[in-house]
Each structure stands twice: as C-alpha cells, then as structure tokens.
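Here is the structure we will look at, set down as structure tokens.
In the text below, chain A, chain B and the rest are named by the order of the sequence lines, each starting its count at 1.
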Amino acid sequence: MKKMLEAKIKRALTLAAAERGLDLGPALDRFVVEEPRDPDHGHLATNAALVLAKAFGQKPTELADEILARLDNREGWIEKMEKAGPGFINFTLGLDWWAKALGDLLTAGDDFGRGEPKGLKVMVEYVSANPTGPLHVGHGRGAAIGDALARVLDRAGYEVVREYYINDAGRQMRLLGNSVYQRARELAGATEPFPDDHYRGQYIIDLAREALSREPGLLSRPEDEVVSELTDFAHQDILGGIKADLAAFRVGHEVWFSETSLYRDGLVDQALTFMRARGYIYEQDGALWFRATALGDEKDRVLIKSTGEKTYFAADIAYHWNKYQRGFDLVIDIWGADHHGYIPRMKAAVEALGRRRDDLAVILVQMVSLVRDGQPVSMSTRAGEFVTLKEVLDEVGADAARFMFLTRSPDTTLEFDLELAKAKTRDNPVYYVQYVGARIESILRGNPALAGDRPDLRRLVQPEETALIKHLTAFPELIQSAAQRWEPHHLTAYLTTLARLFHHYYGQHRVAVDDDPALASARLALVRAIRLVVRLGLDLLGVDSPNSM
RNA sequence: GCGCCCGUAGCUCAGUUGGAUAGAGCGCCGGACUACGAAUCCGUAGGUCAGAGGUUCGAAUCCUCUCGGGCGCGCCA
C-alpha cells in the first residue's frame, strides 16, 4: 500500500527536481512513508518536503505546497492532503482506496503476503545441539526462531533449506560413551568416583541401565569394544529423542548433516587444501594454523593439533565450504549467545573460502530463564540436570511455547513464565490471538447466508474498520521486512495488535447487523479477511489457529 | 584486561536502515453480557528512553565515555 504512494511521490519529487536542473539521486530513497500518530490527521504521511528541502537548501514548509501541487489525484484515491509539522505531508485515503485494498486481499486469499520469487537460495541452520543430551529450553528458543525465520523467508520469496548439524565426531562422543560405561560399572558395583568432565545427567544412568538389561554380561567384554558400542547406542538413542522432541515442537529440518560425514567424504581435507592455496595456512609448533588475523579475527586458530587430530573448527570450516558448494547464496546460522566469540573466526573462514563475509549471517539467541508466577525456576538443581524442552512442551504445549519464544528479539534475554504460557486470559498473547480466529469462525457459522456475497466494501466507513483494513494490508510489507531483517518476532507483535483491533471493533460494532444486510455482508467480508491473516500469521510462527477453543 | 548483547512506565517488553506529542500488555481503581464466544471490551493514572557529552533542521535510534546486568575470551566441542 505504501509502495503506490511512494511511487507517486517520487514522481512528484523528480519533476520538481528536474525543473531545477537537479538530480535527486540517492536522496530520493531518503523519504519515508509512515503512519501518523494521530489518525485524524491522515492515514499516511511522508517527509517528502524534508527531502526536497535538503536537496534544494530550502525550508521544508515552502516546498510542501509544491509537492502537493505535483501529486496527481485523478483516481480519487486521496481524500485529503495537508501540510503538517516540520515538512510532513499527511494523506487521508478515501473509501475507494480501502475498499480496493480489502478486495485485493480477499482475492489473493491464501496467497496474500506471498513475495515474488527472489531466485536466492538460503540455508537456515538451527538447533544443531550436540547429541550428548536432551534438548533444553534454550534449544527450544533457537528452534522456534529458526523455524519461524525459515517460514518467513519462504513466504517472502526465498528458496529455503532448513538444516541440523550433528556433532557426532570427536572427543565429546568418546566422552559420551565413556560416561555410559562408567555408569554401567557403578551399577555393577564399582565404586571409583565418576570423572568430573563426563556427562552427569540422569539420562546417562538410564542408558547404562538399559544397556545392562539388554546384555547382563556386557562388562566382561573388552572395554574398548564396549565403549565403542555404548557410544553408538547412546548417540542413536539421544538423537532419536531430539528428533522426537523437535517433531512434537513442530520443528522440521530437511537435512540432518553429520559431522562424521565430512571426514568420510574428505571435505575437511579439501577445504584445508583450498585455504592453503589461498595462503591462509601455516605450520607452527607442530600444529597447522589458520591465519585468521589476516581476516579480522583477534588470533590465529588451530586446524590440526600437534597430535594430528583435526579441531572442531576445521570440521566446521569444511561444513560451511560444503554449504556454499551446494549453491546457497546466503547461509544463516542460529547459535546460542555463548558462542558469540566464535563469529569472527567463522566469518574469517568464510572469506578464506573465497566468499564474502556477509554470505554468512549469524543470529545469536540470548538465554532463556524460566519463571513460574514471577518466581525463578531453578535451571540446574544438580550438576547435569536442567529443564528440558520436553518438560516445557508437556506442561504448556507447542503453541504457547513457540509463540512465547517469538515474542522477543533474539538479542534480549527471555523470561519464560510457565504459568503465563498456560493462562487462558488476555495476559497470554497466544490465546488472545487464537481467540480472534475462534470468535470469527463462530460469527461465520452463525451467518452462512451472508458470508458468500460480493459485498460493497465501501460500506466500511467506521474508523475501527479503516484501522483494521490498514493493519491487514500492512501484512505483506511486514513479511518482507521480517525476512530482510531476519527478525520473525515482529509477527507476534503484529498479530497481537491485530487481535486488539479486532476485539475492540467487536466490542463497538455488531458484525451481523440485523437491519442492514448489505452492511452485514461487508462486515462479514472484513472479518473473513481478519480470519485469513490471523491464520496466515500464526502459520508463519508455526502456531495452530483453531476454529474453536 | 579485551570482546559481544542488554538497560525504555511499578512489572514484562515493542519501537534502532535518524523523523511529528516515545507505544502495548500486565498490575491498581472504576464500569459493561435478556445482540454475533465476558478466553472479551470500555474508562482514568503512570516516562530526565541508565547517565554525560557529541554529530544535525531533527536522536530511544548514530559516535565517544561512564555506570549497572548477562555472556564469552582453549592445540574443548
């Protein structure tokens, strides 16, 4: 909606500039169209006069008249234009405009808000938790953000692949197997202390118990052999649990990428060879180093230890090398905030691989703290214990959890209130938004005869109706903006506002007015549009939009 | 010590590609169902945008410094 206005204003600006022999150039992109605070003064405003003033070195107020004179209004879409404030022009849009906007929305239907294909391939890699333990709430937040971002990007017109990187190689896997082995020995009566650096969670003991029950004589076989088997057993069991948790959370990955496969397929060596050819590799102290300082990192990084073992970082470089080889124009990684120190070296690596550093975007997700009725919930009662994602899902459900995780910017720590997430009141934004859908469905069920008409949308003259249409028609812009900024959380704010506008409208006006079928018909069309956008919006968040609650 | 994130109403937070008088919800108080779902709505009150400088026509937004909170700084993964 703003685009059309912008185009018209840019024409007027260009005209004014041309008569002065000026090229506005980039200045043309400076002006913004926005919503005035006070709706009485118009529906949209622009600072076009300010832009002109800057270009011409004149006072904004003197130029507002000039712009107004150059705007053509032959189609009658503007009801009123007036100068306001320091160089602003307010536009009040007429009924024709709103009726057409709403009509277009209803015509588009399920395709409303779908962006033109951009011809760009984007990978979103998220969760990627080590298969050494169950997912916890922090992973849940990353999962919700990554999944919603992927949905938004897809809707905005990007080609999206969602991927999970399984860290199934190296020391931690051996530690996992050893942890289970040690617990099995304890269960069999051994008394030596459990090593500090091993995984201590209850799930390790459960795994040990299960392994012993399957094969009581397990510990009589050679240790190496048993640890290796237990590693595999634990890994598969835990990974299966992670997949089950994500499925319950309605989070899906098209690709599960194994770190081990990088070694098996020789990708680590390939990537290192490539970097060596570009001069970013050297040897020192018996180790192989990446000259990361040449590309902005604070220190050089080891790729192959003096023991001959490759580092996690080396594998990660190979993984990203592989991502780009698969043709992705942009790779978005979603990490926990405690990994922020890893960004400079990863960006450096991307450059060393011959890509621009902006071809990798990293979204850091800050911590989640759980509270219940405002009181903190202990996250680590004992070493190795934490609140798992599954526990949260079992208590509050996937809808509430997803929505709550997406109410805040990833940049800020999130306080997740379990009681609030379960509350069936206005306090809980999930129910508040879902209730809109249920209420409208109820109205539609009660008035099937009027719902199918082709109504005269110009009958929607109430300010509450205009406000709703305005908000509804901003949906496509919101999707584009959320996709470009990689910030899906704006959807929750948008939907909450939409819900507030609807509930307010509902309190002020009867939709199915008894004595005016034409008006009732128009209003039913409006609430159908609201229903549609609520469903589309919640779908982008991965949240259900039930017809009754 | 160095780096990243955060600091906005009593509480939880929107708002950062610089734009008009900084917005919601909760909480407090008072109202509204013999009309479409009261899981809702309506009405008041609440602010030196942590602080101080700077950039400019204009700053919550950009820059510098200070204070406070969180998280990092391995030949770990």
### Message
Show, in sequence, the C-alpha distance, side-chain angles and deciding distance for I145(A) and L406(A), and conclude whether the side chain to side chain contact (heavy atoms under 4.5 Å, CB included) test is met.
### Response
CA-CA 6 Å; I145(A) 289 172; L406(A) 289 162; 3.9 Å; yes
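- Rounded to whole angstrom, the span from the CZ atom of R301(A) across to the P atom of A77(B) amounts to 14 Å.
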Under 3.5 Å, N/O pairs linking protein and nucleotides 14-17 of chain B:
from, atom 1, to, atom 2, distance (Å)
A14(B), OP1, S409(A), N, 3.2
G15(B), OP1, H489(A), NE2, 3.3
G15(B), OP1, H490(A), ND1, 3.2
U16(B), OP1, R485(A), NH1, 3.4
U16(B), OP1, R485(A), NH2, 3.2

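- Residue S306(A) is in base contact, counting any heavy-atom pair closer than 4.0 Å across all strands shown.
- If you take CH2 of W335(A) and P of C4(B), they are 16 Å apart, rounded to a whole angstrom.
- Of the C1' atoms belonging to A22(B) and C13(B), the separation is 14 Å, rounded to the nearest Å.
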### Query
What string of B, S and - do you get for nucleotides 39-46 of chain B, 5' to 3', if B is base contact, S is sugar-phosphate-only contact and - is no contact with any protein heavy atom under 4.0 Å?
BSSS----
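- Nucleotide A77(B) holds its P atom 7 Å from the CZ atom of R171(A), rounded to whole Å.
- A distance-only check finds a donor-acceptor pair linking the side chain of N428(A) to the backbone of L420(A) [under 3.5 Å].
- One P atom belongs to G19(B), the other to G31(B), and the distance between them is 42 Å to the nearest Å.
- Nucleic acid contact class of N130(A) (heavy atoms, under 4.0 Å, all strands): sugar-phosphate only.
- The distance between atom CG of L501(A) and atom P of G23(B), rounded to the nearest whole Å, is 16 Å.
- For C63(B) and A24(B), the C1' atoms lie 31 Å apart once the distance is rounded to whole Å.
- No side-chain donor-acceptor contact under 3.5 Å links R535(A) to the backbone of S545(A).
- Listed by chain and residue number, D514(A) satisfy the salt bridge (charged side-chain N to carboxylate O under 4.0 Å, His left out) test with R510(A) (two or more places apart in sequence, or in another chain).
- Only the P atoms considered, C6(B) is 13 Å distant from U61(B), to the nearest whole Å.
- Annotation: D197(A), atom CG; neighbour count of heavy atoms from other residues, nucleotides and ligands within 6.0 Å is above 12.
- Going from atom NE2 of H235(A) over to atom P of A77(B) covers 16 Å, rounded to whole Å.
- In terms of position on RNA chain B, the residue among V511(A) and R345(A) whose nearest nucleotide sits closer to the 5' end is V511(A).
- Residue A315(A) is classed as having no contact, given no heavy-atom separation below 4.0 Å to the nucleic acid.
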#### Entry: Paired and unpaired positions of RNA chain B as dot-bracket, Watson-Crick or G-U wobble under 3.5 Å, | denoting a partner strand
(((((((..((((.....[...))))..((((.......))))......(((((..]....))))))))))))....
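- With A77(B), G70(B), C4(B) as the choices, the nucleotide that has an atom nearest any side-chain atom of M367(A) turns out to be G70(B).
- For H340(A), taking side-chain heavy atoms from C-beta onward, the closest of the listed nucleotides A77(B), C75(B), C4(B) is C4(B).
- Between K299(A) and the phosphate of C2(B), there is no side-chain N or O to OP1/OP2 separation shorter than 4.0 Å.
- In this structure, K305(A) reaches the A77(B) phosphate: one of its side-chain N or O atoms is under 4.0 Å from OP1 or OP2.
- In this structure, E298(A) reaches the sugar-phosphate backbone alone: every heavy-atom distance under 4.0 Å involves primed, P, OP1 or OP2 atoms, never a base.
- In this structure, OH of Y342(A) is placed 14 Å from C1' of G72(B), rounded to the nearest angstrom.
- Considering every non-hydrogen atom in both A292(A) and R301(A), the closest pair reads CB-CG, 4.2 Å.
- Residues Q366(A) and R141(A) share a closest heavy-atom pair of O-NH1, 2.8 Å.
- Here the side chain of Y505(A) pairs no donor or acceptor atom with the backbone of V511(A) at under 3.5 angstrom.
- On the P atoms, U48(B) is 30 Å away from C4(B), given to the nearest whole Å.
- Ring geometry, W256(A) versus Y164(A): the interplanar angle falls under 30°, so the pair is classed parallel (tilted spans 30 to 60°).
- Geometrically, R439(A) engages Y506(A) in a cation-pi contact defined by less than 6.0 Å to the ring centre and at most 45° from the axis.
- A side-chain donor-acceptor contact under 3.5 Å links T311(A) to the backbone of L303(A).
- Between Y282(A) and W289(A), the ring planes are parallel. Angles under 30° get that label, and only those over 60° would be called perpendicular.
- What separates CD of Q366(A) from P of C71(B) is a distance of 10 Å, to the nearest Å.
- Between C71(B), C36(B), A77(B), one nucleotide has an atom nearer to the side chain of S442(A) than all others, and that is C36(B).
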Every protein N/O within reach of nucleotides 31-35 of chain B N/O, cut-off under 3.5 Å:
from, atom 1, to, atom 2, distance (Å)
A35(B), O2', R510(A), NH1, 2.5

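- Comparing the P positions of A45(B) and G23(B) gives an interatomic distance of 14 Å, to the nearest angstrom.
- Using a 30° and 60° split on the angle between ring planes, F475(A) and Y494(A) fall in the tilted class, from 30° to 60°.
- As rounded to the nearest Å, G10(B) and G47(B) have C1' atoms that lie 12 Å from one another.
- Distance check, rounded to the nearest 0.5 Å: CG of L360(A) to CD1 of I343(A) gives 8.5 Å.
- Remark: the separation of the C1' atoms in G7(B) and G43(B) is 32 Å, to the nearest Å.
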### Query
Given the rule in the side chain to side chain contact (heavy atoms under 4.5 Å, CB included) test, do H471(A) and R500(A) qualify, once you have shown the distances and angles that lead to the verdict?
CA-CA 11 Å; H471(A) 196 64; R500(A) 194 177 65 246; over 6 Å; no
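- Taking the syn range as angles within 90° of 0, the glycosidic angle of C26(B) is outside it, so the base is anti.
- Distance E415(A) CD to C6(B) P: 18 Å, rounded to the nearest Å.
- Partners of R291(A) under the salt bridge (charged side-chain N to carboxylate O under 4.0 Å, His left out) rule, at least two apart in sequence or in another chain, do not exist in this structure.
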